[in-house]
Structures are given as C-alpha cells and as structure tokens.
Amino acid sequence: MYELEKKQMLRACMRLKEYQLISLTGGNISLKMDDDHYLVTPSGMLYEEMVPEDICVIDHDCNLIEGNRKPSSDSTALVYIFDHIEGVNCVIHTHQPYATAIGFNNDSLPACMVTLIDAAHARINVAPWTKSSDIGMGKLCVEYAGDASAVIMKHHGVITFGKDLEEALYSAVYLEEAAKTYCMARIMGSVPELTDKEIADEAAGWVSYGQK
C-alpha cells in the first residue's frame, strides 16, 4: 500500500539527516492518507537502513494494518494532531538542537527571518514538557500551535506540520536556520522584532513563491 508515498517519506528522512535535524533513530515522519489510514516511520530504526516496506500503515486507533515493524511510539500523538488541526496531512517530529535550545529559556521564537515567516508563518511557541510516547505531546502541539505550522516542545524537540510532506519539511529546515541565527544574534545583543504588518506582508508573498 502507498508505495510512492513510502519512498517519498524515506527521501524526506534523509533530508532531515542532511540538515542535521535528526540523529540515529530520533524523531519520526507521518502522513495522513485518509481518515483511517496513516503512514508512520517505525520505532527505533536507523533511517539510512529503512526500506519502503519498513514504513508502517496504521489505522485511526494506531493498529498496524500493513508492515512487520512496530510503529513510532508517538503514533497516538500524531493521529491526535491530524484530528485537531484542519488541513494537516503531514507531521514531522525532530530533536533539532538549535530550535530545541530556544525552548529552555524562551516562551517563543520570534518570526525574525523571512524564511521562517514564509515556511512557518508566525512566531513559534514553546509548549511545556511532556514525556515522549504520550498523547499529551499531540495535545500540547495543538494547544500551542497558534498561527504557526510548528511548535517547540520544551526539553524534547520540534513538531512541524503542513498540508503535505514538502510544507512540513520546509517548516522544520527553516525553523532550525532561524533558531541558529537567533541564538548567534542574541550573543551579540538584543534582536529587533518585525511588526505584525511586516510579518503579514512577508507571509503573503510566499503564496506566489516558486514554480507553479
């Protein structure tokens, strides 16, 4: 089932490694195919060793429909996000270091760079800590997402999401770029913030960006 989408997920996994957003077996990628079919990466496997058959097909109750691997331990949280954020068909969870570092001493990451605004649309809120492999991670993501397509999970990592795999991937990559730049800028001093109008104007330009 869903052979093409499984291959696309594996390519996205390698992009996450390329940009150093995941290490070893950390994090996961999931896709919503319909209201009772979801694709999710397996639990505890090295991404570079995965093949399409390792991607798990689960139902809404996280029962395994197809595959021989154990699905991600975050599956219940991922399905919760799909259920409660309209239009989301892909969720990516990483442990990316710079964005996670922001969460230790800040309540949010300002919309401080054009790429962050373009891909994630708004200020990125920091959600309180919750243990991994718990539906609470999904509930907090929904609660703290606001207008952005990403949430930083305190002491844990990042969740990004979008209408498709590309949107969620861009959000994760550009969030880390912005977080790294913000951390460096904070060392040198205060970081000026953009106005709400400036952020809205920049976000509007993303609609026509790229090739159609």
Side-chain angles (χ1 to χ4, degrees), residues 12-13 16-17 19-30 32 38 40-47 56 58 61-62 70-86 88 90-113 116 119-162 167-187 191 193:
C13 288
L16 292 176
K17 286 188 66 68
Y19 288 104
Q20 299 181 335
L21 306 187
I22 55 176
S23 301
L24 297 175
T25 63
N28 49 68
I29 295 180
S30 54
K32 177 181 179 180
Y38 306 83
V40 62
T41 48
S43 176
M45 285 193 68
L46 293 169
Y47 292 98
C56 303
I58 61 173
D61 295 321
C62 299
K70 177 183 176 183
S72 169
S73 57
D74 294 327
S75 293
T76 55
L78 302 173
V79 172
Y80 185 92
I81 295 170
F82 287 126
D83 280 349
H84 291 85
I85 303 182
E86 185 177 359
V88 168
C90 179
V91 178
I92 293 177
H93 171 46
T94 72
H95 299 155
Q96 52 199 79
Y98 282 95
T100 305
I102 295 292
F104 288 118
N105 298 301
N106 299 272
D107 294 326
S108 65
L109 172 65
C112 55
M113 288 182 62
L116 179 64
H121 317 307
R123 172 186 298 270
I124 311 301
N125 293 321
V126 177
W129 178 83
T130 185
K131 68 176 184 178
S132 58
S133 308
D134 187 273
I135 194 172
M137 186 171 74
K139 292 180 177 180
L140 286 172
C141 176
V142 172
E143 180 180 350
Y144 281 81
D147 295 326
S149 61
V151 175
I152 298 170
M153 312 299 294
K154 190 181 286 288
H155 299 282
H156 191 161
V158 164
I159 295 176
T160 68
F161 43 86
E167 277 197 356
L169 180 63
Y170 272 49
S171 184
V173 172
Y174 283 134
L175 170 54
E176 187 70 354
E177 177 188 63
K180 184 175 183 179
T181 304
Y182 184 78
C183 286
M184 291 188 292
R186 283 284 297 271
I187 292 172
V191 180
E193 295 195 21

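Among all heavy-atom pairs drawn from Ala168 and Thr160, the shortest one is O-OG1, 2.9 Å. Counting all heavy atoms, side chain and backbone alike, Asn106 lies closest to Val126 at O-CG2, 3.4 Å. Smallest separation of non-hydrogen atoms from Val142 and Ile85: CG2-CG1, 3.9 Å.
Contacts of Tyr182 classified as side-chain hydrogen bond (donor to acceptor under 3.5 Å, both in side chains), with partners at least two apart in sequence or in another chain: Arg186. For Cys183, the side-chain contact (heavy atoms from CB on, under 4.5 Å) test picks out Tyr98, Ile102, with sequence neighbours left out. Applying the side-chain contact (heavy atoms from CB on, under 4.5 Å) criterion to Asp61, with sequence neighbours excluded, gives Asp59, Asn63. Partners of Thr94 according to the side-chain hydrogen bond (donor to acceptor under 3.5 Å, both in side chains) rule, which considers only residues two or more places apart in sequence or in another chain, are Gln96. Partners of Thr41 by side-chain hydrogen bond (donor to acceptor under 3.5 Å, both in side chains), not counting sequence neighbours: none found. Annotation: side-chain hydrogen bond (donor to acceptor under 3.5 Å, both in side chains) contacts of Lys32 (sequence neighbours excluded): Asp35. Evaluation of the ring pair (Phe, Tyr, Trp, His ring centres under 6.0 Å) rule for Tyr80 yields His84 as partners, not counting sequence neighbours. Shown here are the side-chain contact (heavy atoms from CB on, under 4.5 Å) partners of Ile187, two or more places apart in sequence or in another chain: there are none. Every ring pair (Phe, Tyr, Trp, His ring centres under 6.0 Å) that Phe82 has, sequence neighbours left out, goes to Tyr38. The salt bridge (charged side-chain N to carboxylate O under 4.0 Å, His left out) test applied to Lys17 returns Glu48, not counting sequence neighbours.
Checked by atom type and distance alone, the side chain of Tyr47 pairs as donor or acceptor with a backbone atom of Gly26 at under 3.5 Å. Checking side-chain atoms of Glu167 against main-chain N and O of Phe161 turns up no donor-acceptor pair under 3.5 Å.
Pairs passing the side-chain hydrogen bond (donor to acceptor under 3.5 Å, both in side chains) check and including a residue from residues 122-137, sequence neighbours excluded, read Ser73-Ser133, Ser108-Arg123, Arg123-Glu193. Listed by first and then second residue, the side-chain hydrogen bond (donor to acceptor under 3.5 Å, both in side chains) pairs that reach into residues 135-155 are Ser149-Ser171, sequence neighbours excluded.
For the pair Cys112/Thr181, no side-chain contact is recorded, criterion being any heavy-atom separation below 4.5 Å from C-beta on.
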